[in-house]
Amino acid sequence: TSRDDLVKTVHVFIKMENSQFSSLKKMEDNKKGAVMKLLHTLSFYCVFAESRYLPFALNRMLELTLSHGVCKESCSAFATISFILCGLHGDWTGSSRSGELALLL
């Protein structure tokens with residue numbers, strides 16, 4: 001499911017050292033950047049609508065960040081994940097780490 005995929009992808013990032021995370025390249029593909037903007041907008045509305053598509057949008061944003069580099073929207077994805085881990089799942093450690101990654105960007 002989308003939720004399981006998101007958990008797996010989040011753990012890839014949470015296990016990264018700061019130096020590994022900081023060495024991710026900047027996203028340079030304009031088409032991928034446009035997709036990230038679209039997913040960012042989708043995730044924003046999904047949060048407020050409590051939509052089942054939120055895990056899909058966030059997971060896809062993280063996958064694009066891993067494969068094509070970081071952008072402004074990557075930061076938003078990590079911040080949203082931090083909120084979800086803390087507020088909905090009570091995972092303080094994962095939430096803190098996800099927030100740290102957002103701040104590194």
Contacts satisfying salt bridge (Lys or Arg N to Asp or Glu O under 4.0 Å) that involve residues 12-25 (not counting sequence neighbours) are none
Over all heavy atoms of both residues, which pair between A102 and A79 is shortest? Give the atoms and the distance, please.
-> CB-N, 3.9 Å
Atom NZ of K32 and atom NE2 of H68: how far apart are they, to the nearest 0.5 Å?
-> 4.0 Å
Are V12 and V10 connected, step by step, through hydrophobic side chains (Ile, Leu, Val, Met, Phe, Trp, Tyr) whose heavy atoms are closer than 4.5 Å?
-> yes
Do F21 and F78 make the cut of ring centroids closer than 6.0 angstrom?
-> yes
Residues which pass side-chain contact (heavy atoms from CB on, under 4.5 Å) with D4, listed by chain and number, not counting sequence neighbours = T1
When clusters are formed by joining ILVMFWY residues with side-chain heavy atoms under 4.5 Å apart, either directly or through shared neighbours, do L101 and F83 land in the same one?
-> yes
Between I84 and T80, is any pair of side-chain heavy atoms under 4.5 Å apart?
-> yes
When you look at CZ of F13, are more than 12 heavy atoms from neighbouring residues, nucleotides or ligands closer to it than 6.0 Å?
-> yes
Donor-acceptor pair, side chain of S23 and main chain of Q20, under 3.5 angstrom = yes
With a cut-off of 3.5 Å and sequence neighbours excluded, list every side-chain donor-acceptor pair involving residues 57-67.
residue, atom, partner, partner atom, Å
N59, OD1, T9, OG1, 2.6
N59, ND2, E63, OE2, 3.1
R60, NH1, E63, OE1, 3.1
T65, OG1, M61, O, 2.9
T65, OG1, S74, OG, 2.8
S67, OG, E63, O, 2.9

Hphob cluster co-occupancy, L6 + M16, side-chain heavy atoms under 4.5 angstrom | yes
Side chain to side chain donor-acceptor pair (under 3.5 Å) partners of N30, counting only residues at least two apart | none
Applied to residues 94-105, the salt bridge (Lys or Arg N to Asp or Glu O under 4.0 Å) test, sequence neighbours excluded, yields R97-E100
What is the distance from atom CZ of F56 to atom OG of S51, rounded to the nearest 0.5 Å?
-> 11.0 Å
Is I14 linked to L104 within one hydrophobic cluster, defined over Ile, Leu, Val, Met, Phe, Trp and Tyr using a side-chain heavy-atom separation of less than 4.5 Å?
-> yes
Interatomic distance, E73 atom CD to L105 atom CG [nearest 0.5 angstrom] = 11.0 Å
Please list every donor-acceptor pair under 3.5 Å in which a side-chain atom of residues 38-49 meets a protein atom from a residue at least two apart or in another chain.
residue, atom, partner, partner atom, Å
H40, NE2, S76, OG, 3.1
T41, OG1, K37, O, 3.1
S43, OG, L39, O, 3.3
S43, OG, H40, O, 2.9

List the atom of G69, the atom of M27, and the distance in Å for their closest heavy-atom pair.
-> O-CE, 3.2 Å
